[in-house]
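This report concerns only the one structure given below.
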Amino acid sequence: MVVIQNIINDSNVDEDNLSQVCQDFLNENALEDSELLIRLVSPVEIQVLNKEYRDKNQVTNVLSFQSDIPEEVEESILGDVVICVDVVREEALIGDKKFTDHLTHMAIHGILHLIGHDHEDVTSANKMESIEINFLGNLGISNPYN
């Protein structure tokens with residue numbers, strides 16, 4: 001189950017579509033029973049989180065926080081993906097991308113971090129990008145890395 005928390009009340013976000021796309025991605029990765037929170041936040045909130053958890057005092061587009069619930073609890077909570085809508089909107093404008101497409105990309109990127117992917121080295125980055133490109137392509141979203 002995907003929950004969208006649009007705490008900034010941005011009316012440009014199609015919450016139903018974002019939720020469905022994220023659920024489809026979970027389904028494709030055998031995580032259909034997992035719970036996922038997508039939290040849409042302001043630049044101030046994401047900067048605070050980035051400083052607190054990554055020691056980087058700057059805004060960013062997306063952060064991922066894996067669930068820390070012990071296995072004994074038997075709940076399938078994947079974690080939280082926190083997205084700064086203002087940063088995503090600005091990146092979309094600069095990159096000549098549709099806002100919705102870039103927002104979708106950031107959500108999928110965040111989910112991939114939750115399930116263990118990273119881009120710390122070329123091999124890992126290529127694998128992660130390939131998954132993103134293929135999934136987004138199936139949605140009619142062009143390669144976000146071009």
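We're numbering straight along the sequence, starting at 1. Values reported hereafter were calculated over all heavy atoms of this structure, with side chains retained and with hydrogens, waters and symmetry mates removed.
By the criterion of side-chain heavy atoms lying less than 4.5 angstrom apart, applied directly or through intervening Ile, Leu, Val, Met, Phe, Trp or Tyr residues, Val41 is grouped together with Tyr53 in one hydrophobic cluster.
Residues His109 and His117 have side chains not in contact (no heavy-atom distance under 4.5 Å, counting atoms from C-beta outward). You'll find the side chain of Leu114 reaches within 4.5 Å of the side chain of Leu36, heavy atoms only. Side-chain contact between Phe25 and Ile131 is present, with heavy atoms from C-beta onward closer than 4.5 Å. Val62 has its side chain within reach of Val81: a pair of non-hydrogen atoms, C-beta onward, lies under 4.5 Å apart. With contacts defined as side-chain heavy-atom distances shorter than 4.5 Å, the pair Arg89/Asn12 qualifies.
Within a 6.0 Å sphere centred on NZ of Lys97, other residues, nucleotides and ligands contribute more than 12 heavy atoms. Residue Glu90 qualifies as open at atom CD: its count of foreign heavy atoms under 6.0 Å is 12 or below.
For the atom pair Asn17 CG and Thr104 OG1, the distance stands at 6.0 Å (nearest 0.5 Å). Atom CG of Asp86 and atom CG of Asp10 lie 7.5 Å apart (nearest 0.5 Å). In this structure, Leu112 CG and Ser124 OG are separated by 12.0 Å, a value rounded to the nearest 0.5 Å. The CG atom of Leu103 sits 11.5 Å away from atom NE2 of His105, with the distance rounded to the nearest 0.5 Å.
Between Val88 and the choices Val13, Leu93, Asn61, Leu40, the side-chain contact (heavy atoms from CB on, under 4.5 Å) rule is met once, by Asn61.
Taking Ile, Leu, Val, Met, Phe, Trp and Tyr as hydrophobic and joining them when side-chain heavy atoms fall under 4.5 Å apart, one finds Tyr145 in a cluster with Ile133. Hydrophobic clustering, defined by side-chain heavy atoms of Ile, Leu, Val, Met, Phe, Trp and Tyr closer than 4.5 Å, groups Leu37 together with Met1, Val3.
Side-chain rings of His113 and His119 approach one another, their centers coming within less than 6.0 Å.
No donor-acceptor distance shorter than 3.5 angstrom exists from the side chain of Asn29 to the backbone of Leu31, with no hydrogens or angles considered.
Gln20 and Asp16 share no donor-acceptor pair across their side chains, judged by distance under 3.5 Å alone.
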